[in-house]
Each structure stands twice: as C-alpha cells, then as structure tokens.
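Both ligands and their constituent atoms are indexed starting at 1 by order of listing. Note that the numbering runs from 1 along the sequence shown for the chain.
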Amino acid sequence: MSQIESLSQIEEKLNNLSLTSKNNIKNAKDHYELDQLRVSLLGKKGQLSVILKSMGKLSSSDRPIVGQRANLIKIDLQDLIIQRKNQLTKEALDQQIENEKIDVTIPSTGTPPGNKHPLISTQDEIIDIFCGLGYSVESGPEIETDFYNFESLNIPKNHPARDMQDTFYLDETKLLRTHTSPVQIRYLENNPPPARIIAPGRVYRRDAVDATHSPVFNQVEVLCIDQNIDFSHLRGTVLTFLKTFFGDIPVRFRASYFPFTEPSAEVDVKWKGKWLEVMGCGMVDPKVLEKLGINSEKWTGFAAGLGVERFCMVRHQIDDIRRFYTNDLRFLEQF
Ligand code: DAH
C-alpha cells in the first residue's frame, strides 16, 4: 500500500522537518512570526504531530525508534525557539537603547543666559565703590515704624518734611519706609561709633507714576561717624564716589535742608547740559546722635542718600524710570 510509510520515509520526513524548521526558527523576524512557527511545528495539529500520527502504521519495533527521534527533534526545536525568543528580546532591547540614546557630547542649542537687571548692576557698582572706601553693607526692614522712619530722624508729627515723603501707612504706627535713613538709627542703636556703613534697599512713596516717579524705588544710604569728621570729609567722599562712578563730570553742592542733617546739601551733576540732582547729604544733626545716647561733642559724622534709579538713568542715558519695572526684554537685553 502506497499509503503505508516505511520507517525510512518517516525518518526522512522528520529530518527534513528538523532541517527546514531550524532554518525558519533562526530567521523568524519577530515574536509573532516565531509563535506562529511554534504552533505550526509543535502544536496539537502541528507538523510534528501529523508525522507522528503516521507512526501507527509502523511495526511495534520501529515505533519507539521514530518516537525517540521525534522527541529529540521536539526538544531540539523547543530549545531553538527559546533561544531565538531570547535573542529577539535582546535585539528589541538593544534597539530601544540605541533609539533612546542621549549623546551628552552634542553641544546644546543654548538656553539664553539671564543677566543682571541694570538697577542691580548699578547698585552693585555703588556698593563696590563704598566698600573700596572702607564701608560695610547693612540693611533694615522695608516695613518700618513711624519712630524709625520719622521721629528718630528729627521729623516729628506735623513736621512739614513729612509732606515731602507722602507715606504708605499700614496702620497707626507701621508704614512702608519712605527712605533708607532709618537704617542709620537702627545701626547706631546696636553699634557704638565709629561707623562707616551703607544701606541699599527699596523705599516707597505715594507718588503717581510718570517718567521720573515710581511708588517704589531704590536708595543707598551712607553713614560715617567718627571723631573730628567735618564737611570736608563729606565733600571729599562724595566727590571721590561721583568721580569713580561717572568719571570727570561737573559736580556742585547746593545748600538744602533735611531735618536730620545740619548743614545739609543736595548734590547735582551736569548731564545733557543741565544740572541734575543725584543725592542729598549733610552733617548728622547732633540732636539725632544725642537721642541715641551718643556724645555729639566727641562724635560727629555725615550722611548721604542717593537714588539708584537716577544713577542708572544717567549712566545709560535712560529717559523714563518706568522702563526699569515693565520687564520688556527688548530693553533689558541691552545691558
Ligand atoms: N532720606 C533723604 C530722602 O530720601 C535723603 C537723604 C538726605 C539721606 C540727606 C541722608 C541725608 O542720609 O543726609 O529724601
């Protein structure tokens, strides 16, 4: 019967199946293809089962030979499938790693670096100059009491000087400081003279906004107390400072009035052909020192206060104070 297959025919089929399957398994492109192959070879209705079914027609002595052979092939193919599977998994992982690889040596496309706000660099420059003259930097609170902002500086209630500094009051006694001068008092309360300090900081006034006014602006306070300090020291210090900051530009002292200094002066620099006021100053009024328990016969000194915005505007030819606060990058990136 041509249907009945001999041992050698079945063995040949098995060998062929083994050979072609090994090849197919090695070449399986992906897990899906590999799984299809596994089912078609080793599954219940798979090629190996089909061959084994034909075994029934063999003699009982041949059957174990074919059975054994088929089993070995099955184990072999299973091993191969597992190997290929592992290989495919590894390849996929390698590919993923390759795809997600970050080359840390590629130059960055660049985050534009920030730079200092012109007011800050101006303030830094002012601080640098005074530090070079032996001054140290102090600070005080922006929320002040009526006492430190006014009373202690010889500005009692109803004093006309209070009108010059229209104040933001928080309650009966607390306010936003209108100048940095209260830092003079706070410092001297805690540190006996001599003193050489500057105090940069924000100050607040109820001013309507325009090209030269802002309700918040920046001042630097200067205070020097020592023995035998007179107006020439004040003048020398201010001129040295202005010359270092502006270079050689005309400067003049103009008599003025501040309740906490006597005599007092305002200092102007000539800019664009006009005199422009840049700071107030004077000899610390002995009354201010005496209230602090400092012997004004022995200790004298001078003080000054300057507006940082003014200095920055002159330095960079800026005509409108509002430019400092509107955060327009086209403006800020110029510095
Ligand atoms: N505090 C004054 C103001 O804001 C400026 C000032 C003037 C400060 C004279 C001083 C000074 O220390 O001596 O208008």
Side-chain angles (χ1 to χ4, degrees), residues 123 126-127 130 133 135 137-142 144 146-156 159-168 175-188 193 195-207 212-226 229-239 241-242 252-269 276-289 291-292 294 296 299-311 321:
Q123 181 178 287
I126 294 169
I127 291 172
F130 278 100
L133 294 172
Y135 287 71
V137 180
E138 296 294 329
S139 63
E142 289 177 24
E144 261 303 0
D146 189 276
F147 174 76
Y148 286 107
N149 197 79
F150 293 124
E151 296 279 340
S152 64
L153 289 160
N154 213 16
I155 316 175
H159 191 288
R162 289 206 182 199
D163 299 341
M164 285 157 50
Q165 302 186 353
D166 216 347
T167 311
F168 287 112
L175 47 83
L176 295 178
R177 68 177 177 191
T178 57
H179 52 177
T180 44
S181 299
V183 186
Q184 293 185 30
I185 308 300
R186 288 186 176 272
Y187 182 78
L188 289 174
R196 271 178 185 72
I197 60 147
I198 56 169
R202 267 195 290 266
V203 301
Y204 302 84
R205 291 189 197 174
R206 289 179 42 173
D207 279 330
T212 53
H213 292 89
S214 158
V216 45
F217 59 101
N218 295 270
Q219 284 191 334
V220 177
E221 191 75 15
V222 182
L223 175 69
C224 167
I225 307 282
D226 210 328
I229 296 287
D230 59 40
F231 201 90
S232 65
H233 298 108
L234 164 57
R235 196 178 146 78
T237 304
V238 168
L239 288 177
F241 162 66
L242 290 176
R252 77 174 180 195
F253 283 70
R254 193 164 33 78
S256 185
Y257 168 78
F258 297 103
F260 37 94
T261 46
E262 181 59 33
S264 305
E266 279 175 299
V267 185
D268 303 334
V269 296
L276 183 77
E277 184 227 314
V278 289
M279 61 203 287
C281 60
M283 301 306 293
V284 177
D285 193 315
K287 271 188 264 173
V288 173
L289 295 177
K291 269 201 244 173
L292 285 159
I294 296 169
S296 63
W299 301 101
T300 53
F302 62 81
L306 56 92
V308 178
E309 279 78 354
R310 264 285 160 86
F311 277 75
I321 200 169

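Annotation: cation-pi pair R186/Y148 present, NZ/CZ under 6.0 Å from the ring centroid and within 45° of its normal.
Atoms of ligand 1 lying under 4.0 Å from any heavy atom of T261, numbered from 1 in the order shown and given with element: 13 (O). Within the listing of ligand 1, atoms 13 (O) sit less than 4.0 angstrom from a heavy atom of G282. Every atom of ligand 1 with a heavy atom of F258 under 4.0 Å away is listed here by number and element: 7 (C), 9 (C). Below 4.0 Å from some heavy atom of A304 lie the following atoms of ligand 1, by number and element: 8 (C), 10 (C), 11 (C), 12 (O), 13 (O).
R162 and D146 are joined by a salt bridge, as a carboxylate oxygen and a charged side-chain nitrogen come within less than 4.0 angstrom of each other. R252 and D268 are joined by a salt bridge, as a carboxylate oxygen and a charged side-chain nitrogen come within less than 4.0 angstrom of each other.
Close N/O approach between F260 and ligand 1 is not found [any backbone or side-chain N/O within under 3.5 Å]. For the pair G280 and ligand 1, the shortest N or O to N or O distance does not fall below 3.5 Å. Annotation: H179 places an N or O atom under 3.5 Å from an N or O atom of ligand 1; distance criterion only.
Ring-centre distance between F260 and F150: not below the 6.0 Å cut-off.
When non-hydrogen atoms are compared, ligand 1 lies under 4.0 Å from neither the backbone nor the side chain of F302. The proximity of Q219 to ligand 1, defined as any non-hydrogen pair under 4.0 Å, is limited to the side chain. With a heavy-atom cut-off of 4.0 Å, A303 touches ligand 1 through backbone and side chain alike. Residue contacts with ligand 1 for S264 are absent, since no atom lies close enough (heavy atoms, distance under 4.0 Å).
Between A303 and L223, the closest heavy-atom pair is CB-CD1, 4.2 Å.
Within the 4.0 Å heavy-atom shell around ligand 1 one finds R205. Residue Q184 places a heavy atom under 4.0 Å from ligand 1.
Between F241 and F311, the angle of the ring planes lies from 30° to 60°, which puts this pair in the tilted group.
For R202, the CZ atom sits in a loose shell: 12 or fewer heavy atoms of surrounding residues, nucleotides or ligands are nearer than 6.0 Å.
Here the straight-line distance linking atom CE of M279 with atom CG of L242 works out to 6.0 Å at 0.5 Å rounding.
For the residue pair N149 / T178, a side-chain donor-acceptor distance below 3.5 Å is found, with atom types taken as modelled.
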